[in-house]
Amino acid sequence: LWMTGYSGSGKSTIARALEEKLVLEYGLHVQNLDGDNVRTGLNRDLGFSPGDRAESVRRVGEMACLFTGGGVITLVTLVSPYQADRDAARKRHEEQGLKF
């Protein structure tokens with residue numbers, strides 16, 4: 001599940017609530033790839049330029065493919081302002097037969 005929106009719009013809050021419900025009530029495996037969290041590790045070398053944002057979406061999209069391919073429900077919460085970048089992430093999932 002890929003959530004996009006402005007900073008502070010509630011993406012992370014919604015994802016945390018959904019993750020809690022899926023884990024505690026249904027016993028499912030969930031990974032949340034949050035923009036604030038990946039920025040300190042995976043994307044620590046990136047800024048906020050259009051090119052850096054595109055690379056951030058690409059990297060997180062690839063991580064989402066890995067988790068989803070392993071049977072983990074993956075929640076992505078990124079600003080991801082460019083439709084083309086989100087479309088590319090969706091295409092990568094579809095190429096691998098994964099839900100997006």
Would [X] and [Y] show up in the same hydrophobic cluster when neighbours are defined by side-chain heavy atoms closer than 4.5 Å?
| X | Y | value |
| --- | --- | --- |
| F100 | F67 | yes |
| I14 | L1 | yes |
| V57 | L66 | yes |
| W2 | L18 | no |
| L75 | V79 | no |

What pair of heavy atoms forms the shortest contact from [X] to [Y], and how long is it?
| X | Y | answer |
| --- | --- | --- |
| L78 | G35 | CD2-CA, 3.4 Å |
| K99 | T68 | O-CG2, 4.2 Å |
| G61 | A89 | CA-CB, 4.4 Å |
| L33 | A64 | CD1-N, 3.7 Å |
| G47 | D52 | N-OD2, 2.7 Å |

Between NE2 on residue H29 and CD on residue Q31, distance to nearest 0.5 Å: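 Output value for this atom pair is 12.0 Å.
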Spatial distance of atom CG (N32) from atom OG (S12) [nearest 0.5 Å]: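 So the gap between those two atoms works out to 6.5 Å.
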T77 (side chain) donor-acceptor with M3 (main chain) under 3.5 angstrom: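 It does not hold such a pair.
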R92 and D87 ion-paired at < 4.0 Å: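 D87 and R92: not salt-bridged.
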Short N-O contact, E55 and R58, less than 4.0 angstrom: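 Looking at R58 together with E55, the answer is yes, because their closest N to O distance falls below 4.0 Å.
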Student check: side-chain heavy atoms of R90 and R86 closer than 4.5 Å: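 SC-SC contact between R90 and R86 ruled out.
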Check: S80 and R53 side chains under 4.5 Å, non-hydrogen atoms: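 A side-chain contact is absent here, since even the closest heavy-atom pair is not under 4.5 Å.
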side-chain contact (heavy atoms from CB on, under 4.5 Å) assessment of C65 paired with L98: CA-CA 7 Å; C65 283; L98 302 171; 4.1 Å; yes
Stepwise side-chain contact (heavy atoms from CB on, under 4.5 Å) test for L46 and R59: CA-CA 11 Å; L46 301 176; R59 290 179 189 179; 3.8 Å; yes
side-chain contact (heavy atoms from CB on, under 4.5 Å) evaluation trace for E20 with R16: CA-CA 6 Å; E20 184 175 316; R16 279 192 301 273; over 6 Å; no
